[in-house]
Each structure stands twice: as C-alpha cells, then as structure tokens.
Amino acid sequence: MSDITAQWSDHLEWLLGMINIGVHIVGKDGTTVFYNNKMAEIDGLERESVEGKSVFHLFPSLTDESSTLIRVLHTGEQIIDKMQTYVNLTGKQITSINSTYPLKKNGDIVGAVELAEDITRIVQLNDQVLDLRQQLFRSSRKTKKTNDTQYHFSDLIGESQLFVQALTIAKKASRTSSPVLISGPTGTGKELIAQSIHNAGIRHDKPFIAQNCAAVPRDLMEGLLFGTTKGAFTGAIDRPGIFEQANGGTLFLDEINSLDLQLQAKLLRVLQDGKIRRIGGMAEQNVNVRILAAMNIPAREAIDKGIIRTDLYYRLNVVNIELPPLLKRGEDIPLLVKHFIDKFNQTFGMNVTGVSEPAMRQLLSYSWPGNIRELRHAIESAFNMLDSGEAQIEVHHLPLFPGETSLIHRESAIPVAPVLSAAASRASCTTPINLPAVIDKIERDMIADALKECGGNISRAAEFLNLKRQSLQYKLKKYNL
Ligand SMILES: Nc1ncnc2c1ncn2[C@@H]1O[C@H](COP(=O)(O)OP(=O)(O)OP(=O)(O)O)[C@@H](O)[C@H]1O
Ligand SMILES: [Mg+2]
C-alpha cells in the first residue's frame, strides 16, 4: 500500500461504511475482511460478528456453487447484476441486485468483493402498482371507464409542416393495430400522440397502459411485462403482467431503448406470435395487444450503439412517427402560447389576454431544449409572476432561460436586422439560432408595416409586398394580424 493510500484507508473504510450499497469483501480463503453496515442490514447480521468469519460459517446453507463470492474466487470471473430474493436471518424477505468481482494483484486472485443494492422497497412498490392497476381495471369494467388517458388528436396544437406530417401519419395509424414507433426529443409530445392514437382507434374502450422501460430495474421488468406464477422465485405469487392487463387494448412502452436486450428478444417473440408465458408458468396464452413504443434518442443512434435490437426495431417501426423539436417548428410557438394561455386562464380562473410583442420575440428566439413541456412551464411561470390587474405577459414575467445568450436582449426590443447580422457574423456554432422563428418574425414585422403604410388595404399591401392577395390573407391569419 502506498503512503497516500495508507493515509486515506481509514477514510475509505469510513466511507464504505456510510454508503447505501452493501459491501462484503473476502480474502483468498473466503474469510470476511470487510463488511459494511448496509450489508449487515440486508443480511440481518451484526457487523461485528461477521469479520474474520468464512462465508460458509455465516451462511451454512451455501455451497461452493451457490455462493457467488466463492464462485468468483474460484473462477476469477465477475458476476454482474444478479437479482436475489431470499429470507434473511431475521426472517425478512429481501430482494437485492448483486455484483461480485474478483480482487487481483499481479494477476493472482487475492479476494473477492460483493456489492448489493437493496431493492426490496422498489419490488414492493412495483407489486403494489400492479395490484392497484388490476383493481382499477376491475372497477373500471363496472363503470365502463376503461382507460385513464386524457389526450385526443384535437388536443394537439401545431400547423408547421413537420408537425402536420407527423400528425397525419399518427391519424392514419390509429385505424389499424400495427406497432408504431414514436421518436422525438423530450417534451415533444410522444405520450400525447400515443394516447391520441389509442383514443381514435377501435381499441379506445379497452385499456391503455403506459410503462416507462427505464423506470423499473431490469430483473423486475420481465415479471412486470409477462406476469409471474407462484413459486417461480422466492416471494413470487400468481399475478398477471401488463400484457395481460392491456389485453384487447394498447401497451405504450416508453423509452424502449432502455429495455434489456434479452427482454427485447422476448418482446419481439410476443409481437410475432401474440403469445405470452408468465415467469415460472408452463401455459402460453394468447394476447391481443397493440404496441406503441417511444424513444427519445434518434433510432440510428440507438441501433449504432447496440441498445436496440435491429430485428425489434424493424418490427416496431412498421409505422414511424418522428416528432420535431420545437426549434424546428418555430411558427407553432404563437399557437402553442395561445393554447397554454387559454388553458391556464381556465385552470387559474384568470384573464390573461396574450403576450406583448417583445415577450413574443423572446419566446421566438429561445432554442427550447425542453421543447413544448418547457414552453408550457414558461407560460405557467409567467402566470405566477403577473401582478393583479396585469393582463398581458411581458418580458419580465418570463423565466430566465438557462444558458441562453439571448438573440433578443431582455427588456428591450432590439430591431431584427442587427440581430440577424449579429447571428450571421457569429463564428462559433455553440449557441443555436432559431432561424425559422427569426424569419417568421421578419415576415410578420414587414407585413404589419406594409399594412400600416397602405392604410389597412390588403390588396395594396399585397401589391406592395409582391404577394398574391390570397397568400397575404393566409399570412395575416397565420400571424394573427
Ligand atoms: N402538440 C402539442 N400540443 C399541445 N401541447 C403539447 C403538444 N405536444 C406536447 N405538449 C405538451 O408538452 C407536454 C409534454 O408532452 P409529452 O409528455 O407527450 O412529451 P414526451 O415527448 O413524452 O416527453 P418525454 O420524452 O420527456 O417523456 C405535455 O404535457 C403537453 O402539455
Ligand atoms: Mg413521455
């Protein structure tokens, strides 16, 4: 041990004692050299009674094969993320995810360490969610309310070309039961689209179950999807999974790219033959479930990184809906702002009439990394900042947008031309520019000026702008002029 390591070893030991991960280190002969408080809590042992004792002394029922620490000492190969459910020495049922690694010096195995993450509480909560869902379906069958979705296509706001394209595909797909893959960055409306597809289709009176694949530990996910049978593993009971619960309806698998690769293979099999088998069960049963899946990273990236199986990708991608980031649909910002103002007026019983022009410029020039969700929060935040009697959202009511070297300076309406030239002369491309929004802004300003110049006469203004009258009328509507 170097001087520095020796100097810090006490602190390291203290730190290992404090962390919420169980740590058990054994020497070459299997006797315990370190055992922390969390591991003592998981195993139901006293920490002091463990050090210096062999694994077999502590857990007499273990064998060379069943003890992961001893196996790793023999093989020198690590065992990663193994889920264990067992009753500990105080009679408490524990579920943990363990990883065991060999400790080597100059190529020789000198010991092994086991790290255990106690997921007992997560398992209990997971089971509760499944049970509650089951109860919900039983009671909803009685009341004929079969799903708790809230969105329909009519709730989706946007007229930009990219968004309308996506919406058109989604509407067509709602007539069938084919799998759909919805992709788009965070906050672009993937969940809204999924609910709308379900609600517009023939399955609308059947269950819609949304499950985020990133939210559940890998080892629990299989039981959650396909169900369990009594005795399949310690503590397992007969319980349907979400495939059974969604039978006849739709299963929305969000963040599908986080699903374990082995489970992706099982999912593919269900998609192909429509049959599932509960964990530990013998019987197969048919399920009729439409799969909608979502990813918040580009499909290409997920395939290249090997986090989504290509065969599953092609099976899911029968219908592909790509939701654009808000940055690419700047012309939808005024519509969305109006939509959220109406919504919050209703929710808060307020009477906000709109946003000032400088505030709209601010909204149009921001890059919206959190997309529509972030815009919604910005408007909600502005509602909270309004003083009583104020009916219009001004720049100072808007939140400070993080990391934005704003094109439009707060509080002041800088004319658009210098803004554009400043943007164009920027050498670095670290700060995104919302070019479509800036162009829209210029167009809107020029049309407003032309109309004023021509005393509100649309035909003359159209002539002045070298536009067809019809085209100007369309733009007047688009810009709410
Ligand atoms: N087209 C739209 N019209 C109106 N509101 C929208 C639209 N798209 C999204 N929203 C709003 O944005 C919020 C976020 O949408 P949603 O939860 O569907 O995003 P998401 O793509 O699933 O994001 P994440 O990847 O973070 O889960 C919604 O609550 C809704 O208020
Ligand atoms: Mg979502």
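Order of listing sets the numbers, starting from 1, for every ligand and every atom in it.
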Taking side-chain contact (heavy atoms from CB on, under 4.5 Å) as the test, write out the residues that go with A166, two or more places apart.
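Partners of A166 by the side-chain contact (heavy atoms from CB on, under 4.5 Å) criterion, ordered by chain and then number, come out as I321, L323.
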
Please enumerate all residues that pass salt bridge (Lys or Arg N to Asp or Glu O under 4.0 Å) together with R300, with sequence neighbours excluded.
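Residues passing salt bridge (Lys or Arg N to Asp or Glu O under 4.0 Å) with R300: D304.
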
Apply the test salt bridge (Lys or Arg N to Asp or Glu O under 4.0 Å) to residues D118 and K38: give CA-CA distance (whole Å), side-chain angles for both, the deciding distance (0.1 Å), then the verdict.
CA-CA 9 Å; D118 184 359; K38 182 65 195 177; 3.7 Å; yes

Give me the pairs of N or O atoms, one from ligand 1 and one from the protein, that sit under 3.5 Å apart.
from, atom 1, to, atom 2, distance (Å)
ligand 1, 1 (N), I157, N, 3.4
ligand 1, 1 (N), I157, O, 3.1
ligand 1, 3 (N), I157, N, 2.9
ligand 1, 17 (O), R373, NH2, 3.1
ligand 1, 18 (O), K190, N, 3.3
ligand 1, 18 (O), E191, N, 3.0
ligand 1, 18 (O), L192, N, 3.2
ligand 1, 19 (O), G189, N, 3.3
ligand 1, 21 (O), T188, N, 3.3
ligand 1, 21 (O), G189, N, 3.1
ligand 1, 21 (O), K190, N, 2.9
ligand 1, 21 (O), K190, NZ, 2.8
ligand 1, 22 (O), E191, N, 3.3
ligand 1, 23 (O), G187, N, 2.8
ligand 1, 23 (O), R373, NH2, 3.2
ligand 1, 25 (O), K190, NZ, 2.7
ligand 1, 26 (O), T186, OG1, 2.5
ligand 1, 26 (O), R373, NH1, 3.0
ligand 1, 26 (O), R373, NH2, 3.3
ligand 1, 31 (O), R376, NH1, 2.8

Under 3.5 Å, which donor-acceptor pairs link side chains of residues 214-229 to any protein atom two or more places apart or in another chain?
from, atom 1, to, atom 2, distance (Å)
E222, OE2, K266, NZ, 2.6
T228, OG1, I237, O, 2.7
T229, OG1, I279, O, 2.7
T229, OG1, G280, O, 3.3
T229, OG1, G281, N, 3.4

Walk me through whether T188 and N371 qualify under side chain to side chain donor-acceptor pair (under 3.5 Å).
CA-CA 6 Å; T188 47; N371 295 297; 5.5 Å; no

Donor-acceptor contact below 3.5 Å, side chain Q264 vs main chain L259
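Judged by distance alone, yes, a pair lies under 3.5 Å.
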
